[in-house]
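This report refers to the structure that appears directly beneath it.
Letters A, B, ... are given to chains in the order of the sequence lines, protein chains preceding strands, and every chain is numbered from 1.
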4 protein chains.
Amino acid sequence: MPPTAPAKRAPRAAPTRTNDPERTTANILEVATHAFADKGFDGARIDEIAEAMHTSKRMIYYYFGSKEALYLAVLEGAYQRMRAAEATLDLDALPPAKALEALVGFTHDYQLANPDFVRLVANENMLHGAFLKQSKTIREQNASAITTVQRVCERGVRDGVFRGDLDPIDLHMSISALCFFNVANRYTFSLIFERGPTLPKSAVAKRRERIVEMVLRFALK
Amino acid sequence: MPPTAPAKRAPRAAPTRTNDPERTTANILEVATHAFADKGFDGARIDEIAEAMHTSKRMIYYYFGSKEALYLAVLEGAYQRMRAAEATLDLDALPPAKALEALVGFTHDYQLANPDFVRLVANENMLHGAFLKQSKTIREQNASAITTVQRVCERGVRDGVFRGDLDPIDLHMSISALCFFNVANRYTFSLIFERGPTLPKSAVAKRRERIVEMVLRFALK
Amino acid sequence: MPPTAPAKRAPRAAPTRTNDPERTTANILEVATHAFADKGFDGARIDEIAEAMHTSKRMIYYYFGSKEALYLAVLEGAYQRMRAAEATLDLDALPPAKALEALVGFTHDYQLANPDFVRLVANENMLHGAFLKQSKTIREQNASAITTVQRVCERGVRDGVFRGDLDPIDLHMSISALCFFNVANRYTFSLIFERGPTLPKSAVAKRRERIVEMVLRFALK
Amino acid sequence: MPPTAPAKRAPRAAPTRTNDPERTTANILEVATHAFADKGFDGARIDEIAEAMHTSKRMIYYYFGSKEALYLAVLEGAYQRMRAAEATLDLDALPPAKALEALVGFTHDYQLANPDFVRLVANENMLHGAFLKQSKTIREQNASAITTVQRVCERGVRDGVFRGDLDPIDLHMSISALCFFNVANRYTFSLIFERGPTLPKSAVAKRRERIVEMVLRFALK
DNA sequence: CATGAATGAGCATTCATTCAT
DNA sequence: AATGAATGAATGCTCATTCAT
């Protein structure tokens, strides 16, 4: 018998009536984020999300209207949290090389600590960016994202520590690529090592070091 | 209209009866590869794959037995073609630095030319490597893949042109990461530029150059 | 007609939305009981059951989860109704011979009046008892069933009216066999008479008499 | 993957080309008899029957034309073998009581030894005798079957050892019922004993004895 | 006589969604 | 603000059967 269906009238855990819209939506988003990150948009099931929530499944439609709208909200939330974390970095206070190092380190650490975000982005690419296109919010945030790298680059070039032909967008891409891959391609890559998808702590630290070094070697004169 | 109309579907494009199993399976695999790469395992529909084939949908089950088995066959084919292409590289004939450059260039070019492969791998990671685990074939091929990088590294270190602490697995990861991202994260990344997901030719060449340079700067003493 | 007609099925009899789970499940069970009894588990079609219901086919899965679970529920219901009817017999109030007569009569009459029950049991045997094995409910009810015969036997033996070597299980089997066959083997047996599967009233009465007599002659000293 | 489909081109054991139609048909019938007896008409699968044969599945259609025709042939064969065995009984050589005893004993023993026959008959009843109706062969054989009992009855009544109101058809029914049930209702009945569906040898002998006794007690004056 | 390749029609089941309260 | 009941439209899959050689 499928776990999703009521199947024989066992109406499960008693959906705690919160009477608190904010808590309810937050709970839905949290559960949905895990679900969409874990299974992707097509693989995730509204029923399963409902099962893992504290409120009833009907609430998803009450507050979000559709699976697509819920997914969009999840995606926007994930991007927003990432940008918020990024915003705490005060790169301008650091000399360019240190700033770049900090940026790469942050990117690496954040993605490692937030595989849900990484997987949501990977899934969004599987969907040809269908939802991202719809989101004004994310587009605006991303626009500002590139200026962060840009400012570091400019300062570095001006100070003569970075090579003159440094392209911020290209650099941003390289940083993202190196950090993203660790998390996003865990499962296929780990086959080479013949071990589990998550690296031991020491290997993670080593990998982090090398990514930072790779980017800096490339940027420095 | 009578109340219980038979409602027969209009028989599509004339299913050319090949009586040629090899052609039939090849056709199924080709169509399925596009479909799974385009929509992912969960998003792809057996019915849609059938629609795009020259034979009937029933043949999928005749030759492959299930959606899962078909997907696995698709995945194995994609990996096999990639390794076959890689095998044509004669890196041993080149000096280490040139060999590394050739390897990075090949990886970049192959993935750019074969987004289906890239997307299948990305999707497989969304599925936590569920299918890759099942495939002896792929595991064996991957094992040999790492030795290619390894040999180049060893020669480079021995010759004193590469840094002594070069880790082949780590290098392989960096190369993969940089090349993979271009294709896999096209849709989310292109939002930054506010243009379409595929870069103009000149930009592609520029990106290729920089990836090669980044890797070489890192590997060289 | 356009080449790609939507071909919508004519919506049947108006699915009265009861909003009454009990009525809905009862309706499903009733219809399914007839269907499974008529065609057996493998012969019965979920679609046909749906067609005969007052609610939509989807409700079967909403309330029962699968064809197998529905069949099990049907089987359990059939056994339960039989045991409930049996429980109304107050055999202890009758002298042993009369009690045995009443028991045989009841068995005969119930099975004749409930061919659905008989056929479900016959079908369950075709399935090697696959579903019965799963049902705690039925196993428990059956356990108590044998005690009914047992008590009558014991009293009859104690009173000296029944033969001393009477085996309750064996007697139960004989009674069941004689009554079951009338209904279960109707179609093959009626070929001998070259008439329809159901006997005329007078013949039924005669047969009942003889079954009762056969059992009593065997049990009495 | 389902065991029936070719699924990945393993064309199984090499279908021995017999070039002997009689052996081929006999083989098909034998395998089909087991299959239909085991799973019933609806539960049996042409593919599974083919799998268990020495020739290819296509032969079923070559020699029998359809699943229905094959089933009918199986049914006719089963009845024919039973009647053939019955024909070896020389009841006329025995005094009436001994003849009846022999007949009951034979019926019991044959059905116990040939559960396939019993299950085919049970299944045929589930199908409302749909196939039996079509078979001239079986109808003719059955007609003669009743005369066997009839002759024994007549002799017994004439000799004054059997009760005068003995009805051959009714007696035939009782004999059949008692013997059939043992085999046909094995699975549901065994639940009462809480043991496996087949009785130990001693219990079988005991049950046989009691059936014989029950019939004789009823028939004798 | 024999068969590998191919299939239309149907089957159980699932999914996101809406109705009625 | 919240929800249990209900569902149309697919979805992956199977079955007996036929075609072409």
Discussion item. Which nucleotide wins on minimum distance to the side chain of D/R58, given the candidates E/dA20, E/dG4, F/dA2?
Written reply: E/dG4
Discussion item. On the nucleotide E/dC19, are OP1 or OP2 found under 4.0 Å from the side-chain N or O atoms that A/Y61 carries?
Written reply: no
Worksheet, complete the sentence: Separation of F/dT11 atom P from B/E68 atom CD, nearest Å, is 17 Å
Practice prompt. Please state how far atom CD in B/E22 lies from atom C1' in E/dG4, giving the value in whole angstrom units.
Written response: 14 Å
Worksheet item: Shortest non-hydrogen contact from A/V74 to A/A32?
Response: CG2-CB, 3.7 Å
Which donor-acceptor pairs under 3.5 Å do the side chains of residues 37-44 of chain C make with protein atoms, sequence neighbours left out?
residue : atom : partner : partner atom : Å
C/D38   : OD1  : D/H128  : NE2          : 2.8
C/K39   : NZ   : C/E48   : OE1          : 3.0

Worksheet item: Within the structure, does a side-chain N or O atom of C/Y62 lie under 4.0 Å from either OP1 or OP2 of E/dT13?
Response: no
Fill in: Short side-chain N/O contact to F/dA6 OP1/OP2 from C/T24, under 4.0 Å
yes
Worksheet item: How would you label the contact of D/A44 with the nucleic acid (heavy atoms, under 4.0 Å): base, sugar-phosphate, or nothing?
Response: sugar-phosphate
Fill in: Atom-pair distance (CD1 on C/I60; P on E/dT13), nearest Å
10 Å
Discussion item. I need the A/I28 CD1 to A/M53 CE distance, nearest 0.5 Å.
Written reply: 5.0 Å
Worksheet item: What is the distance from CG of D/L70 to C1' of F/dC15, rounded to the nearest Å?
Response: 15 Å
Practice prompt. Check the pair B/L70 / B/Y63 against side chain to side chain contact (heavy atoms under 4.5 Å, CB included), numbers first and verdict last.
Written response: CA-CA 9 Å; B/L70 175 60; B/Y63 284 113; over 6 Å; no
Worksheet, complete the sentence: Output for pair (A/L75 CG, A/L127 CG), nearest 0.5 Å, gives 9.5 Å
Worksheet item: Is there a donor-acceptor pair closer than 3.5 Å between any side-chain N or O of A/R119 and the backbone N or O of A/H34?
Response: no
Worksheet entry | Whole-Å distance separating the CZ atom of C/F64 from the P atom of F/dT7 | 14 Å
Worksheet item: Do C/E124 and C/Y79 have a side chain donor and acceptor closer than 3.5 Å?
Response: no
Worksheet entry | Under 4.0 angstrom between B/R45 side-chain N/O and F/dA10 OP1 or OP2 | no
Worksheet item: Taking only Watson-Crick and G-U wobble pairs with both distances under 3.5 Å, what dot-bracket line describes DNA chain E, where [ ] shows pairs that cross earlier ones and | shows pairs with another strand?
Response: .||||||||||||||||||||
Fill in: Of the listed nucleotides E/dA16, F/dA10, E/dC1, the one nearest the side chain of A/I46
E/dA16
Response to the item:
Closest of F/dC15, E/dT13, E/dT17 to the C/K67 side chain is E/dT13
Worksheet item: Is the base of F/dT11 touched by the side chain of B/K57 through a donor-acceptor pair closer than 3.5 angstrom?
Response: no
Worksheet item: Just by modelled atom types, is the C/L132 backbone N or O under 3.5 Å from a matching donor or acceptor in the C/S135 side chain?
Response: no
Worksheet item: Can you check the C/E51 CD to F/dG8 P distance for me, whole Å?
Response: 13 Å
Discussion item. If I take atom OH in residue C/Y63 and atom P in nucleotide F/dG4, what distance separates them, rounded to the nearest angstrom?
Written reply: 12 Å
Practice prompt. Take D/M59 and B/M59, find for each the nucleotide of DNA chain E with the closest heavy atom, and name the residue whose nucleotide sits nearer the 5' end.
Written response: D/M59
Practice prompt. Send over the distance from B/D47 CG to F/dA9 P, rounded to a whole Å.
Written response: 16 Å
